[in-house]
Each structure stands twice: as structure tokens, then as C-alpha cells.
Amino acid sequence: MKKSNIKIFIFLLLFGCNNNDWQAYDEYSEIKFNEKNANKRMQFKFIQSKFNDKNNWFKSINSYLIHFSEEDYQNLKPIILEKNIPYIQKNILSGVLTYEKLALFYLYRIKKIEFNKKTYLNSIISLNHNIILEAREKDKKKPSSIYSLYGIPILLKDNINFDGLPTTAGSALLRDNISEDSFVVKKLKESGAIILGKTNLSEWAYYFCNECPLGYSAIGGQTLNPYGRKVFESGGSSSGSGVAISANLSSVALGSETSGSILSPSSLNSIVGLKPTIGLVSRTGIVPISSTLDTSGPMTKNVIDNVIVFNSIMSFDKDDNYSKKKIKIDYKKIISSSLNGFRLGVFKELLKEPLYKKAIEDIQEAGGVIIPFNPPKINFSGFRKILDFDMKKDLPKYLLKYSENNLNIKNVSEIISFNLEDSLNRSPYGQGIFKRIVSDNTTKEDFEMLKIRLKLEGKRYFDKSLNEHSLDAILSINNYHAAYAAAAYYPCLTVPMGYRDSGIPANLTFIGPSFSENKLYQIGFAYEKLTNKRIPPF
């Protein structure tokens with residue numbers, strides 16, 4: 001190598017990735033502008049994080065990115081951007097692509113978008129510093145199937161334990177909380193997936209403050225919707241997972257849901273999300289709201305990727321009292337499905353929604369049988385009390401088992417006290433829900449009776465029409481009926497159905513009885529293939 005080239009190389013090595021380091025800026029004017037927003041949840045107090053230096057994400061990764069150029073990035077875009085896992089795996093098998101290049105592409109894109117003041121989304125909280133070495137290991141073998149997660153980078157909502165990074169739940173309290181792998185991460189590793197990093201979320205899974213912005217956390221800052229930064233809500237609580245996948249910052253992600261937390265950000269970011277039947281996906285090692293209703297689930301750009309991730313994370317977990325045996329996924333039946341003959345219930349009151357009405361018409365033209373119905377009136381009072389009662393007992397169990405030994409915080413009340421020491425930065429929107437949890441006096445007997453009633457009422461809300469009309473599924477919008485499905489333990493699959501006049505995405509959501517995921521995937525895949533409504537934000 002010539003002496004001049006050596007000098008250039010040393011300069012790039014030392015400074016090549018510093019010229020685009022993140023520099024915090026004065027966001028006063030942006031926050032002031034959003035004060036005029038009629039939606040209180042869009043009236044931000046902070047956008048940038050006060051606790052998370054983005055430059056730390058790349059400290060151990062910059063040395064790899066130096067050898068990955070803009071030309072490399074542009075050359076790889078046509079075979080990675082918006083492509084599904086089977087397509088990527090075919091390119092791996094043919095030698096056109098490697099897992100290392102795939103990981104480098106996403107790292108480069110994350111830096112390109114998240115380090116630009118005009119485009120950043122605050123969708124990421126941390127990155128796996130070993131990602132390139134792990135990708136290189138995967139390159140020593142080939143996937144056993146194009147429907148395999150082997151070598152595929154995946155993002156985790158930052159309430160899911162991964163031994164390589166802190167699990168923060170977005171809270172300043174847990175900023176250094178490195179815990180053993182959750183059960184779902186163990187399953188991902190068994191399937192050969194590699195963890196790319198952690199995504200931002202609504203702090204404590206949006207069960208912390210009243211009327212606060214969706215997608216805000218002290219650690220991650222304010223998650224922004226790529227279809228309208230600071231204009232549209234990002235959805236919550238799996239906000240970062242929804243935004244990152246929509247913006248093509250990874251192939252796939254995991255979110256978690258108690259009631260709407262996968263469905264909401266999937267819908268508002270035009271991606272596919274599954275809230276599974278409670279018990280099919282383990283909750284062990286995930287920061288809880290409710291052991292009664294919590295679940296993890298896949299968030300992806302398309303249905304087939306969703307199926308692949310779901311199939312990989314399902315498994316019986318002896319440490320999860322609600323855990324069920326894995327159901328068999330029928331790939332052949334899913335990818336060959338059509339809408340012809342499926343009997344689908346539609347809410348009469350939603351037919352006034354133009355996108356919903358158009359989706360129904362498309363399904364009818366494709367041979368789907370549409371049955372409009374009005375749901376029965378039910379007694380659904382007390383739903384939040386389940387969450388309050390559970391979080392009061394479940395969160396201390398998590399902290400005792402997983403949080404670092406010197407944390408010395410044992411319960412919700414002590415978390416409130418910790419945040420009050422610096423409330424401006426740790427809890428700028430207050431701690432209204434946490435305070436209500438502490439004051440809740442529901443008895444164990446009342447709680448058990450409430451669970452039984454709400455599950456029966458949730459099932460009755462759907463079952464009357466499902467049974468009366470022999471329906472295969474019920475069609476909803478976004479997370480409109482998430483709470484009823486949560487109480488009933490019914491799965492929901494949400495798929496892009498277009499964009500409202502304002503430009504904000506909306507999804508068609510398929511709801512079915514417990515363990516009907518195969519059928520929901522068949523219907524969802526056929527609808528996606530028919531309409532193909534997703535348009536990437538950029």
C-alpha cells in the first residue's frame with residue numbers, strides 16, 4: 001500500500017465515522033410548535049433522550065462500518081429493502097448476499113436515518129455490539145429453508161430481556177439492567193436469528209402516565225412516526241418496533257401487548273402485527289404489566305415474515321403458568337390461500353369508514369362472504385383493574401428475579417419515589433397510572449371474579465356472531481377492539497389496508513377464536529396478496 005493511501009486509511013479509521021456522530025440540538029421551537037396540536041398526546045415536552053447517547057450505540061461497530069460505503073448500501077438496497085425473509089434467504093443460498101452484509105446494511109441505514117436531525121425517529125434504544133461477529137458465524141453455514149430465521153437480524157422491544165444489552169422498559173431506573181435471556185430470545189437464538197438491538201417503547205409499556213405521548217420514554221426519547229414526524233402518533237406501546245420495521249431498519253421485530261400495544265403501532269406504521277392467543281408465546285423474562293393478559297408477538301413488513309417469527313418463538317414454557325403447547329403452522333396452506341369462501345363478520349358501525357368499506361368490497365370481489373353484524377352489549381367495566389392488580393404484584397417479581405442486585409427498588413411505590421428525585425427528566429408527564437396502582441385496594445377474591453366475568457364477556461362480544469353466522473374471523477380496524485380480544489384471549493392479526501386522507505396509515509385487523517392463528521394467517525396473507533396496500537415511508 002502506498003504511503004499516501006496508508007495516511008488516508010488511518011484518517012478514515014480515526015475520523016471516518018465521527019463526522020456524522022449525533023449532536024444534540026435545541027428542540028425548543030419544535031416543542032413550541034407542537035403545543036398547538038389539538039391532540040394532547042402530541043404536545044411533547046421532550047423529543048431527544050436525556051439519558052441515552054446515540055454515539056455509544058456504534059462505539060464497537062464503527063470499525064466495521066468504515067469498510068461499508070454508500071455505494072455498498074445503494075447496491076444492496078434492491079435486494080434488502082422491503083424484501084421478505086424467503087427472498088433474502090434465496091439470495092443467501094445463491095451467494096448474492098451474506099448475513100454480514102445484511103447486518104451491515106441495517107447498521108448503516110440506522111445511522112443514516114437516526115443520526116440525521118431531519119429524519120431521526122428515535123426508534124432504537126441500543127445496538128448489539130457483537131452483531132457483525134455473530135453474522136460472520138452464521139455465514140459459515142446456510143439456512144435449512146427459505147422459511148428460516150437463521151441469520152436474520154431481529155430487533156427487540158426494550159422490555160424483553162437479552163443478555164447482551166440492558167432491558168430498560170424505557171425507564172431511567174433500569175438503564176443498566178442487564179439480565180439473562182428471556183424465553184423468547186432463547187427460542188430466537190435456537191432458530192438461528194441474531195439480535196440486532198433494542199427498540200424504544202412507551203415507558204413501562206404505556207402503563208405509567210396519564211394522557212402522555214405514545215412512544216415516549218426517558219431512555220429512548222419521543223418515538224416519531226416516519227409517515228409524519230411530529231405530525232402523526234407513533235402508536236404504543238411497541239412504538240419503536242413498529243417505526244423501525246416500517247422504516248426498514250431491520251428485517252423483523254418483536255413487540256409485546258397487553259391490550260393494543262402491538263396492534264396500535266403496527267397499524268399506525270403500516271406493518272403487519274400479530275397479538276397471539278395468550279399462552280402460545282412465553283412471557284418469562286419480559287418486564288410485565290399483567291401476567292393475565294401479557295404476550296409477546298411479531299411485527300413485520302409482511303404476513304409471511306410474521307408467520308416465520310411466530311413459528312420460531314412459540315414453545316411451551318414450564319415457568320409460565322399460562323403457557324400452552326405450540327400449534328402447528330401450515331406454511332403450504334397459508335401461502336396458497338385465497339379469500340374465496342371465507343365467512344367474515346364486519347361491524348356495521350365501521351362501514352362508514354372509507355378504508356374499511358373499500359377493504360370489505362375488495363374481499364367480496366375476491367369471493368369472501370361478508371356478514372355485517374352489531375355486537376351484543378356487554379358489561380366490560382373494571383378492565384383496567386386487572387392491569388392495576390397484576391402490575392402491583394408482577395412487577396416486583398420481575399425486579400426481584402432479573403434486575404441488578406444493587407438496584408434496591410422493590411415495588412411500584414419505590415419506583416415513584418425514585419422518579420420524584422428528578423421528575424423533570426425521569427417522569428416529565430407524571431406518574432398517574434403508577435400512583436393509581438399503588439392506591440388500588442382490589443382484593444384477590446374480587447380480582448378473580450373480575451377476570452372470570454371479563455373473559456366471559458369478551459368471548460360473548462365476538463362469539464355471538466362467530467357462532468350464529470359460522471364465521472371464520474371478524475374484521476376490525478387497527479386496535480379498535482383490542483381490549484375485548486385481550487380479555488377473551490383471542491388472537492388478532494393486523495394488515496395494512498391503506499392511508500387516510502391525512503396520510504396516516506390504517507390497518508385491517510382480523511380477530512378469531514383462541515388458537516386460530518393459522519386461519520388468520522391464511523386470510524391475512526390472501527388479503528395482503530390481493531391488495532398490497534403497504535407503501536414504505538421513504
Side-chain angles (χ1 to χ4, degrees), residues 27-28 30-52 121-123 125 157-159 168-175 199-225 228-243 255-265 267-269 287-290 383-384 387-388 391 395 412-413 415-440 478-479 482-483 504:
E27 59 190 25
Y28 175 79
E30 293 174 311
I31 292 168
K32 199 72 180 168
F33 179 82
N34 267 65
E35 282 181 0
K36 303 169 188 175
N37 200 304
N39 181 355
K40 189 174 181 180
R41 294 191 309 206
M42 292 295 290
Q43 296 173 9
F44 304 144
K45 293 185 178 180
F46 292 113
I47 300 174
Q48 300 167 89
S49 169
K50 302 294 182 183
F51 295 96
N52 191 353
L121 303 166
N122 282 339
S123 63
I125 277 183
K157 182 178 180 179
D158 198 17
N159 61 350
T168 72
S171 171
L173 173 72
L174 299 180
R175 63 189 298 184
T199 59
N200 200 3
L201 69 162
S202 309
E203 191 164 337
W204 296 112
Y206 207 58
Y207 214 65
F208 176 49
C209 46
N210 288 314
E211 296 185 10
C212 43
L214 292 162
Y216 175 80
S217 75
I219 294 294
Q222 180 61 54
T223 316
L224 302 174
N225 189 318
R229 297 173 69 257
K230 295 166 285 183
V231 178
F232 300 141
E233 289 188 306
S234 61
S237 64
S238 306
S239 319
S241 294
V243 167
S256 71
E257 173 154 332
T258 308
S259 174
S261 288
I262 289 173
L263 300 178
S264 163
S267 301
L268 293 179
N269 292 283
V287 182
I289 291 179
S290 167
F383 180 76
R384 278 181 170 265
L387 280 57
D388 292 350
M391 196 170 195
L395 187 52
V412 174
S413 181
I415 296 173
I416 292 172
S417 298
F418 169 83
N419 286 328
L420 286 174
E421 294 172 8
D422 183 10
S423 57
L424 177 64
N425 292 311
R426 293 176 182 174
S427 53
Y429 300 97
Q431 306 180 76
I433 292 176
F434 268 23
K435 288 177 181 178
R436 189 185 70 222
I437 289 170
V438 169
S439 64
D440 181 73
N478 296 3
N479 59 320
I504 193 166

message: Please check: side-chain N/O of Asn159 versus main-chain N/O of Pro288, any donor-acceptor pairing under 3.5 Å?
response: no
Donor-acceptor contacts, no H, no angles, side chain residues 209-219, under 3.5 Å, sequence neighbours left out:
from, atom 1, to, atom 2, distance (Å)
Glu211, OE1, Lys40, NZ, 3.4
Ser217, OG, Asn200, OD1, 2.7
Ser217, OG, Gly220, N, 2.8

message: Would you compute the distance between atom OG of Ser261 and atom CG of Asn479 and round it to the nearest 0.5 angstrom?
response: 8.5 Å
message: Quick check for you: to the nearest 0.5 Å, what is the distance between Asp422 atom CG and Lys50 atom NZ?
response: 10.5 Å
task: Would you check if the side chain of Glu257 reaches a backbone N or O of Gly260 as a donor-acceptor pair within less than 3.5 Å?
output: yes
field: Any donor-acceptor N/O pair, Asn34 side chain to Met42 backbone, under 3.5 Å
entry: yes
- request: Output yes when a side-chain donor or acceptor of Ser423 lies under 3.5 Å from a complementary backbone atom of Asn419, and no otherwise.
  value: no
message: For a quick test of reading the model, state the closest non-hydrogen atom pair linking Ala482 to Ser259 and the distance between them.
response: C-OG, 3.9 Å
query: With no hydrogens and no angle check, is any side-chain donor or acceptor of Ser239 less than 3.5 Å from a backbone partner on Thr223?
result: no
- prompt: With a 4.5 Å limit on heavy-atom distance, are the side chains of Phe33 and Lys230 in contact?
  reply: no
query: Thr258 versus Leu387: any side-chain heavy-atom pair under 4.5 Å?
result: yes
- prompt: Among Asp158, Leu395, Thr168, Leu201, whose side-chain contact (heavy atoms from CB on, under 4.5 Å) with Val287 holds?
  reply: Leu395
message: As a quick check of understanding, evaluate side chain to side chain contact (heavy atoms under 4.5 Å, CB included) for Phe434 and Ile415, giving each step before the final call.
response: CA-CA 9 Å; Phe434 268 23; Ile415 296 173; 3.7 Å; yes
Asn122 side-chain N/O to Gln222 backbone N/O, donor-acceptor pair under 3.5 Å: yes
field: Sidechain-backbone polar pair: Lys45 side chain, Pro428 backbone, donor-acceptor under 3.5 Å
entry: yes
message: Applying side chain to side chain contact (heavy atoms under 4.5 Å, CB included) to Arg426 and Leu173, what does each step give before you reach the verdict?
response: CA-CA 8 Å; Arg426 293 176 182 174; Leu173 173 72; over 6 Å; no
message: Pairing donors with acceptors under 3.5 angstrom, does anything connect the side chains of Ser238 and Lys157?
response: yes
- prompt: Within the side chain of Asn225, is there an N or O that forms a donor-acceptor pair under 3.5 Å with the backbone of Glu233?
  reply: yes
task: Decide yes or no on side chain to side chain contact (heavy atoms under 4.5 Å, CB included) for Glu27 and Phe46, but give the supporting numbers first.
output: CA-CA 8 Å; Glu27 59 190 25; Phe46 292 113; 4.1 Å; yes
- request: Mind running side chain to side chain contact (heavy atoms under 4.5 Å, CB included) on Glu203 and Tyr429 for me, showing each step along the way?
  value: CA-CA 11 Å; Glu203 191 164 337; Tyr429 300 97; over 6 Å; no
message: Measuring from atom CZ of Phe232 to atom CG of Asn269, what distance do you get when rounded to the nearest 0.5 angstrom?
response: 11.0 Å
- prompt: Does Gly240 offer a backbone N or O that forms a donor-acceptor pair with the side chain of Ser123 under 3.5 Å?
  reply: no
- prompt: Checking Glu35 side chain against Gln43 main chain: does a donor-acceptor pair fall under 3.5 Å?
  reply: no
- prompt: Pick from Tyr206, Tyr207, Phe208: which one makes a side-chain contact (heavy atoms from CB on, under 4.5 Å) with Ser237?
  reply: Tyr206
query: How many angstroms lie between atom CD1 of Ile47 and atom OH of Tyr28, to the nearest 0.5 angstrom?
result: 13.0 Å
